[in-house]
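Counting convention: from 1, in listed order, for ligands and their atoms alike.
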Amino acid sequence: MSTPSAPENLMEAVVSLAKRRGFVFPSSEIYGGINGFFDYGPLGVELKKNIRDCWWNDMVRRRDDVVGVETSIIMHPKVWEASGHVAGFTDPLVDCKASKQRYRADQLFFSPVIVDGKTVGYVSALESDDTAGALQAAAETFKRKKAIQGQLAPVIAKDMTEAQPDEIALIPSPATGEPGSLTPPRAFNMMFETHVGAMRDASAIAYLRPETAQGMFVDFKAVVDTGRVKLPFGIAQTGKSFRNEITPRNFIFRSREFEQMEMEFFIHEDDDWAKWHRYWIDWCKDWLKSIGLPDSHLSEYDHLKEKLAFYSKGTTDIMFKYPFGVQELWGIAARGNYDLTQHANASGKPQDIFDEATKKKFVPHVIEPAVGLDRIFLAVLCAGYAEEEVKDEKGNVEKRTVLRLSPRVAPIKVAVLPLLKNKPELVARAQALYAKIKRKYAAFYDEAGAIGRRYRRQDEIGTPWCVTIDFETIEKDGTVTLRERDSMQQKRITEAELFALLDEQVY
Ligand code: ATP
């Protein structure tokens with residue numbers, strides 16, 4: 001058996017597996033799809049639910065200091081004015097007038113082509129794993145095509161937000177390769193608008209929420225008044241968010257409808273925010289590891305102080321090594337008391353808490369770990385996907401595709417396989433065990449085809465264990481063969497041992 005390894009084009013393999021085995025499909029595909037929207041199929045919905053449930057159990061149920069809420073997707077439009085989203089939730093957008101393509105200005109890079117110290121033109125490239133390399137290659141092609149002699153200088157990659165007004169007309173559009181069609185960047189609000197009620201005028205405008213966080217801020221007082229919570233405490237929720245992303249891309253990594261899992265952790269204004277910030281970064285990293293993401297793929301990125309919003313004390317992103325580059329997975333922001341103060345001012349309803357010790361009122365500060373469920377889903381698939389060569393029963397070498405998913409999140413925990421489908425006593429025994437497992441754990445019953453083929457089908461969808469019911473089970477001691485996905489090792493165990501294993505590993 002060779003060591004499992006990721007294929008050359010991991011992303012392609014993951015997208016193909018996701019579609020083939022019913023994890024993720026493009027939305028409305030029979031009508032040609034709709035860019036930035038996805039559907040989760042029978043296995044995908046289980047995987048997603050398991051990730052969400054693990055987060056909810058660990059973040060809310062197993063803690064005494066975090067409570068949950070589920071707030072509405074459409075909220076009073078004033079929420080988004082107070083939060084700053086109406087004015088400022090924008091991305092810089094560049095249009096190509098010739099091709100009608102739109103680009104995020106901070107994802108469209110350019111460089112002057114400098115030969116013998118003189119700028120002879122410009123090249124552009126969309127952000128990628130190797131943007132500088134792409135620009136350098138484009139500069140070399142440019143020089144060759146124009147038959148320019150001399151020494152080509154290394155490119156200087158800048159994005160379109162840094163382009164000088166006189167440069168914009170000279171930068172080629174990535175769509176046409178010709179300069180002259182790109183517009184200067186302009187602010188584009190990413191909130192989806194809708195109308196509430198029968199009127200379609202400005203007074204009826206509402207927004208699909210671009211984040212779940214504001215629900216927790218707006219309900220802060222209502223939660224405090226339930227009397228269950230004392231500082232420091234958190235309010236958490238999971239749910240859909242919507243952003244009209246200019247360039248949805250990288251499969252479900254950046255989509256227009258996605259699910260967030262956010263928690264607002266409120267602390268005393270005099271509490272040590274840096275300590276709590278660090279605490280939550282570590283918690284989030286440990287949690288990602290607990291659902292099977294390897295430490296080697298995780299890193300931290302501290303946002304530069306000068307790029308932070310004025311109220312922000314610090315933001316650290318947990319980054320994940322995706323096949324298309326190291327990208328933000330989870331943002332942990334120390335937001336001061338900005339959000340509650342904004343809502344207190346805009347609504348006229350104080351959002352403070354009375355401190356018994358100092359007999360003073362104050363507005364709590366907040367640490368916010370915010371993560372996208374779809375991004376975790378993709379990370380789990382990418383980290384788990386491997387291909388390897390193994391020998392089948394006859395000794396022939398074949399390729400095995402395996403999804404090494406943690407038992408915590410695997411869509412199916414156990415597959416129950418009768419050794420032969422034409423032996424009623426084996427089938428009856430297998431179905432009885434299957435029914436028993438299903439009461440607590442997601443299981444799958446499969447009697448079709450050679451046992452090796454049935455194992456492969458489970459390997460590909462990440463099922464950690466297969467149990468086979470054979471003649472020894474019914475004629476001897478009732479033990480079953482447990483086959484482990486990653487090592488492919490088999491051993492005989494009792495039913496009680498099987499349930500003990502599941503209880504320990506699936507939590
Ligand atoms: P990015 O810089 O990638 O656009 P962001 O910094 O705007 O993300 P936040 O507003 O901090 O993201 O949102 C919190 C989390 O929600 C992100 O860390 C990410 O996991 C997830 N998320 C944000 N936008 C999207 C999207 N378009 N598709 C999927 N997940 C998203």
Side-chain angles (χ1 to χ4, degrees), residues 24 27 34-40 44 48 51-52 55 59 80 83-85 88-93 103-107 127 159 161 187-192 207-217 236-264 277 280-281 284-285 287-288 291 293 298-304 307-309 311-312 314-322 324-335 338-339 366-382:
V24 183
S27 165
I34 168 164
N35 200 5
F37 296 89
F38 293 91
D39 293 345
Y40 286 80
K48 200 173 174 196
I51 299 171
R52 187 194 301 112
W55 184 90
M59 179 62 94
W80 306 109
S83 68
H85 284 82
F89 193 60
T90 55
D91 265 349
L93 168 81
Y103 303 99
R104 251 177 74 167
D106 56 350
Q107 292 172 353
E127 185 182 30
D159 73 48
T161 62
F188 169 80
N189 195 302
M190 290 196 288
M191 281 198 294
F192 280 100
Y207 304 97
L208 302 193
R209 68 177 174 205
E211 61 174 37
T212 63
Q214 295 306 318
M216 278 84 93
F217 293 125
Q237 84 168 314
T238 69
K240 285 277 174 102
S241 291
F242 302 81
R243 296 183 186 182
N244 198 1
E245 297 277 0
I246 299 165
T247 46
R249 58 184 185 158
N250 292 328
F251 196 36
I252 52 174
F253 176 82
R254 183 178 301 288
S255 53
R256 290 178 165 141
E257 172 176 341
F258 54 99
E259 189 165 338
Q260 288 187 307
M261 307 197 292
E262 298 193 285
M263 196 274 291
E264 305 302 325
H277 191 226
W280 282 110
I281 298 165
C284 296
K285 265 179 138 175
W287 186 83
L288 290 170
I291 60 157
L293 294 188
L298 301 172
S299 54
E300 287 178 27
Y301 171 76
D302 294 326
H303 286 230
L304 300 174
K307 289 213 168 167
L308 292 175
Y311 52 81
S312 176
T315 296
T316 300
D317 291 338
I318 298 176
M319 313 292 284
F320 182 78
K321 197 163 91 192
Y322 288 97
F324 44 88
V326 174
Q327 297 280 344
E328 170 181 342
L329 173 57
W330 204 328
I332 298 101
R335 300 179 58 87
Y338 177 77
D339 305 272
V366 77
I367 310 288
E368 174 189 89
V371 69
L373 173 49
D374 314 75
R375 284 196 187 175
I376 300 179
F377 185 108
L378 182 58
V380 162
L381 286 188
C382 293

Inset, instruction - Any chance you could lay out the salt bridge (charged side-chain N to carboxylate O under 4.0 Å, His left out) test for Arg104 and Glu127, step after step, and finish with the verdict? - result: CA-CA 10 Å; Arg104 251 177 74 167; Glu127 185 182 30; over 6 Å; no
Inset, instruction - Would you mind listing which atoms of ligand 1 come within a distance below 4.0 Å of any non-hydrogen atom of Leu329? - result: 18 (O), 19 (C), 20 (O)
Legend entry - Arg256 side chain vs Glu245 backbone, donor-acceptor pair below 3.5 Å: yes
Inset, instruction - Could you tell me which atoms of ligand 1, counted from 1 in the order shown, lie closer than 4.0 angstrom to a heavy atom of Glu245? - result: 24 (N), 26 (C), 27 (N)
Legend entry - Check: His303 side chain, Gly314 main-chain N or O, donor-acceptor pair, under 3.5 Å: no
Legend entry - Nitrogen or oxygen atoms of Arg254 and ligand 1 under 3.5 Å apart: yes
Inset, instruction - Looking only at distances, please establish whether an N/O atom of ligand 1 is found under 3.5 Å from an N/O atom of Arg104. - result: no
Inset, instruction - Within a distance under 4.0 Å of any heavy atom of Ala370, pick out the atoms of ligand 1 and give their elements. - result: 14 (C), 15 (C), 18 (O)
Legend entry - Identity and distance of the protein heavy atom lying nearest atom 19 (C) of ligand 1: Arg375 NH1, 3.4 Å
Legend entry - Shortest non-hydrogen contact between Ala236 and Met59, atoms and distance: CB-CG, 4.3 Å
Legend entry - Polar contact flag for Phe253 and ligand 1 (N/O pairs, less than 3.5 Å): yes
Inset, instruction - Give the minimum heavy-atom separation between Leu329 and Val371, together with the two atoms involved. - result: O-CG2, 3.3 Å
Legend entry - Phe253 ring center near Phe251 ring center (under 6.0 Å): no
Inset, instruction - Compare Arg243, Met190, Glu328, Arg256 and give the one whose heavy atom is closest to atom 18 (O) of ligand 1. - result: Glu328
Inset, instruction - Using the six-membered ring wherever Trp is involved, compare the ring planes of Tyr338 and Tyr311 and label them parallel, tilted or perpendicular (cut-offs 30° and 60°). - result: parallel
Inset, instruction - Could you say whether the N/O atoms of Ile252 and ligand 1 ever approach to under 3.5 Å? - result: no
Legend entry - Among Glu257, Glu262, Glu259, salt bridge (Lys or Arg N to Asp or Glu O under 4.0 Å) partner for Lys240: Glu257
Legend entry - Numbered atoms of ligand 1 (with element) below 4.0 Å of Gln260, judged on heavy atoms: 13 (O), 14 (C), 15 (C), 16 (O)
Legend entry - Phe258, Phe320, Phe89: member with heavy atom nearest to atom 22 (N) of ligand 1: Phe258
Legend entry - Numbering as shown, the atoms of ligand 1 that approach Ser255 to under 4.0 Å (heavy-atom distance): 26 (C), 27 (N), 28 (N)
